[in-house]
Amino acid sequence: MLSDIEIAQSAKLKRIDDLAHEWGLEDNEFEPYGWDKAKLTLNPERKADAKLILVTATSGMPAGSGKTTTSIALAQALNRLGKKAVLALREPSLGPVFGMKGGAAGGGYSQVLPMESVNLHFTGDFHAITAANNLISALIDNARHQRQIDLKEVTWRRVLDVNDRQLRNIVTGLGGSANGTPSEAGFDITAASELMAVLCLATDLDDLRARIDRLVLGIKRDGSAFTCAELGATGSVMALLLDAMKPNLVQTLEGTPALVHGGPFANIAHGCNSVVATLAAMKLGEYAITEAGFGSDLGAEKFYDIKCRHAGLRPAAVVLVTSLKALKWHGGVALPEIGKPNMEALKAGLCNLDAHVANLKAFGPEIVVSMNHFYNDPEDEIAVLRARCEELGVRFAISDGFAKGGEGAESVAKEVLEAAAASKGELHFTVEDEDPIAVKVEKIAKRVYGAGSVSFSEAAKKDLKTLTDMGFGNLPVCIAKTPFSLTADPKALGAPKGFDLPVQRVILNAGAGFAVVTTGAIMRMPGLPKAPAAMNIDVKDGKITGLA
């Protein structure tokens, strides 16, 4: 059986200008980056009137859920059925690519190409965000060194697009006064940076500028916020992000257009591709397929409560990806055993599906459960899952997108078409705009996660007071939480109820327009596993190998 990268490297791609013209783009609406990718600047007169389809999943597991593969397969299937479908996906981060999870360009015969480029440097968007973020840090430290500003606390952190636990907490400025002022500092991963969220939520360059101006970089002696506008760095940050703001056009194995742009993680950030890419997809097709990271408790909740609320989006339907393997894992089966028949474990794990269906029903859009199919899935277990979906009153279909590409997802596509046709355009949010941050956290914890209570650490209580005193006490919240459980404990599988959600810190992201709330042991700079994926990647005969 061919590996993902072997399948990708054997594919014949359309020239990017041919693809663009085929989908109605004028020459002045795209800028080729080589022959296989391009940056888009669409005519502002185009209408974003496609039906928007969200793809999310049940709770995660270390083996992954196949959400991106399903998104790609679904878009390919819709095009096979004579519909014009365009993908809008996130860009992969180098952290997971070289860490444990691997790349994020799909798999098997449902991939976005060029796979190696998309997973690695691509068009340089991540590098631009990293450079802009660290330029701000350098300008802050220089202004302090030159005694141009006097801050009580610097809250802006540096970033890097590599998993590196050693950099979570560091001391900078050692070696004497000529080398700066000794300070405690640290790095987050680029995907969790506020600038990533700013780029992904900005609707145009004017909005991007306004958000960068609002970035809070530190706290002044009087307790007020010190912003990027006051530092005077907005112009240079804009210059670095100018090209990164443009969505990237690539294609799937079957020639479906894919807009791959922005890459916030969903467990430690807001987990959605850029607003401008989603709107561009809605301008180019009849259906726009997008995904939100991890399960409905993380990516989908943030997609609805943050992205849709901000951008005025109203999805027509949502696809909930699951598998027998994932449900067995949540039914208590050890990871090496999840591929074996185990009816009792499947039945025990169905509670996780139930919880995610309940979450999605509360938001409003019609639901299609898509089961990732593996060749050895027992028919009687599939029947049990199908029956549970019927009991829950949601559509069900089997996806073979990994093995068969668009053809393997046609049954999912047909259910999605029916769901979208039945859409009433309703969307209900979990929280109210005027709710204080603590109330928003409690509502999400209880209504989406199933928690019974929320406890704030002393540090989090101090954070809340600081934010409230600075005038940010009613911001939306972006909760950072493990993807492997509905709780903050990655080992609490299934669908626990009545637990306590422990909040560790509340971090202001004024430019993004929300507060990041960290729970449990979650960290915004991941570490590498014992056997990093980086150890398997190489170049042979001029071709990259080992990339998954």
Side-chain angles (χ1 to χ4, degrees), residues 126-162 164-199 208-241 244 269 459-460 462-472 475 504-516 518 523-525:
F126 268 68
H127 300 318
I129 293 168
T130 301
N133 188 103
N134 294 340
L135 173 63
I136 292 173
S137 290
L139 291 171
I140 294 170
D141 288 340
N142 181 62
R144 295 173 70 209
H145 177 72
Q146 304 293 349
R147 303 190 186 282
Q148 295 165 336
I149 59 174
D150 181 23
L151 301 179
K152 180 170 67 175
E153 181 183 357
V154 175
T155 55
W156 191 256
R157 286 168 62 86
R158 288 169 167 81
V159 300
L160 188 68
D161 190 33
V162 173
D164 193 343
R165 64 174 59 83
Q166 197 78 7
L167 295 178
R168 287 173 183 158
N169 298 286
I170 62 173
V171 177
T172 62
L174 300 179
S177 59
N179 296 312
T181 304
S183 306
E184 290 188 18
F187 281 75
D188 295 332
I189 194 164
T190 301
S193 68
E194 184 175 1
L195 273 186
M196 176 65 79
V198 162
L199 181 133
L208 179 66
R209 180 181 294 276
R211 289 173 178 275
I212 295 170
D213 271 342
R214 293 199 301 267
L215 295 171
V216 172
L217 312 178
I219 301 173
K220 293 186 273 193
R221 295 291 176 186
D222 63 1
S224 61
F226 177 69
T227 66
C228 193
E230 292 176 89
L231 179 64
T234 300
S236 57
V237 172
M238 285 287 295
L240 283 172
L241 296 183
K462 182 179 178 182
D463 293 337
L464 280 174
K465 183 178 186 309
T466 299
L467 267 64
T468 302
D469 291 346
M470 288 194 295
F472 298 108
L475 282 178
Q504 305 303 329
R505 299 300 302 262
V506 181
I507 302 161
L508 175 61
N509 277 196
F514 53 65
V516 176
T518 64
M523 295 182 180
R524 284 156 54 91
M525 169 55 87

Q: If I take atom CG from residue Asn169 and atom CE from residue Met525, how far apart are they, to the nearest 0.5 angstrom?
A: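 Here the interatomic distance stands at 10.5 Å.
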Q: Within the supplied structure, the quantity of interest is the number of heavy atoms (other residues, nucleotides, ligands) at a distance under 6.0 Å from Gln166 CD; does it exceed 12?
A: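 At most 12 heavy atoms, drawn from other residues, nucleotides or ligands, come within 6.0 Å of this atom.
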Q: Is it the case that the side chain of Arg505 and the backbone of Ala460 share a donor-acceptor pair, with hydrogens and angles ignored and the cut-off at 3.5 Å?
A: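 No, because the side chain of Arg505 does not come within donor-acceptor range (under 3.5 Å) of the backbone of Ala460.
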Q: Do the side chains of His127 and Asp161 get nearer than 4.5 Å, heavy atoms only?
A: no
Q: Grab the two heavy atoms, one from Ala459 and one from Gln504, that are nearest each other, plus how far apart they are.
A: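 Looking at all heavy atoms of both residues, the shortest contact is CB-O, 4.0 Å.
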Q: Will you find, in the side chains of Arg144 and Ser183, an N or O donor that is under 3.5 Å from an N or O acceptor?
A: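 Distance-only check passes for Arg144 and Ser183.
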Q: Compare every heavy atom of Ala128 with every heavy atom of Ala244, then report the nearest pair and how far apart it is.
A: CB-CB, 4.0 Å
Q: Indicate yes or no: at least one non-hydrogen side-chain atom of Ile189 is less than 4.5 angstrom from one of Val159.
A: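 No. Closest side-chain heavy atoms not under 4.5 Å.
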Q: Would you kindly say whether Thr190 and Thr130 are connected by a side-chain donor-acceptor distance under 3.5 Å?
A: yes
Q: Would a 4.5 Å heavy-atom cut-off, applied to side chains only, mark Ser193 and Ile129 as touching?
A: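 Yes, at least one pair of side-chain atoms sits under 4.5 Å.
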Q: Going by heavy atoms in the side chains, are Val506 and Val516 under 4.5 Å from each other?
A: no
Q: Do Met196 and Phe126 have side chains that get closer than 4.5 Å, going by heavy atoms?
A: yes
Q: Counting distance only, does the side-chain N/O of Arg211 pair as donor-acceptor with the main-chain N or O of Val198 below 3.5 Å?
A: no
Q: Nearest heavy-atom pair of Trp156 and Glu194: which atoms, and what distance?
A: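 In terms of heavy atoms, the two residues are closest at CZ3-OE1, 3.7 Å.
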Q: Working to the nearest 0.5 angstrom, can you tell me the gap between Ile212 CD1 and Thr227 OG1?
A: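 It is 12.0 Å, given to the nearest 0.5 Å.
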Q: Taking all non-hydrogen atoms of both residues into account, name the closest pair between Glu230 and Lys220 and its distance.
A: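 Distance-wise, the nearest heavy atoms are OE1-NZ, 2.8 Å.
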Q: Taking atom CD of Glu184 as the centre, report whether more than 12 heavy atoms of other residues, nucleotides or ligands fall under 6.0 Å from it.
A: no
Q: Mark yes when over 12 heavy atoms from residues, nucleotides or ligands other than Lys462 sit less than 6.0 Å from its NZ; otherwise mark no.
A: no
Q: Is it true that Asp469 and Lys465 have a side-chain N and a carboxylate O under 4.0 angstrom from each other?
A: yes
Q: Quick one: which of Asp164, Asp188, Asp141 gives a salt bridge (Lys or Arg N to Asp or Glu O under 4.0 Å) with Arg158?
A: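 Output: one option passes, namely Asp141.
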Q: Rounded to the nearest 0.5 Å, what separates atom OG1 in Thr466 from atom CZ in Phe472?
A: 12.0 Å
Q: To the nearest 0.5 Å, what is the distance between CG (Leu508) and CG (Leu475)?
A: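 Reported value, rounded in 0.5 Å steps: 6.5 Å.
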Q: CD1/Ile219 to CZ/Arg221 distance, rounded to the nearest 0.5 angstrom?
A: 11.0 Å
Q: With no hydrogens and no angle check, is any side-chain donor or acceptor of Asn133 less than 3.5 Å from a backbone partner on Arg157?
A: yes
Q: Which heavy atom in Ile140 sits nearest to a heavy atom in Leu217, and how many Å separate them?
A: CD1-CB, 3.7 Å
Q: Is there a side-chain contact between Leu139 and Ser236 (heavy atoms, below 4.5 Å)?
A: yes
Q: Would you compute the distance between atom CG of Leu215 and atom CZ of Phe226 and round it to the nearest 0.5 angstrom?
A: 11.5 Å
Q: State whether the number of non-hydrogen atoms from other residues, nucleotides or ligands found under 6.0 Å of Arg147 atom CZ is greater than 12.
A: no
Q: Looking at Leu467 and Ala515, what are the two nearest heavy atoms and their distance?
A: CD2-CB, 4.0 Å
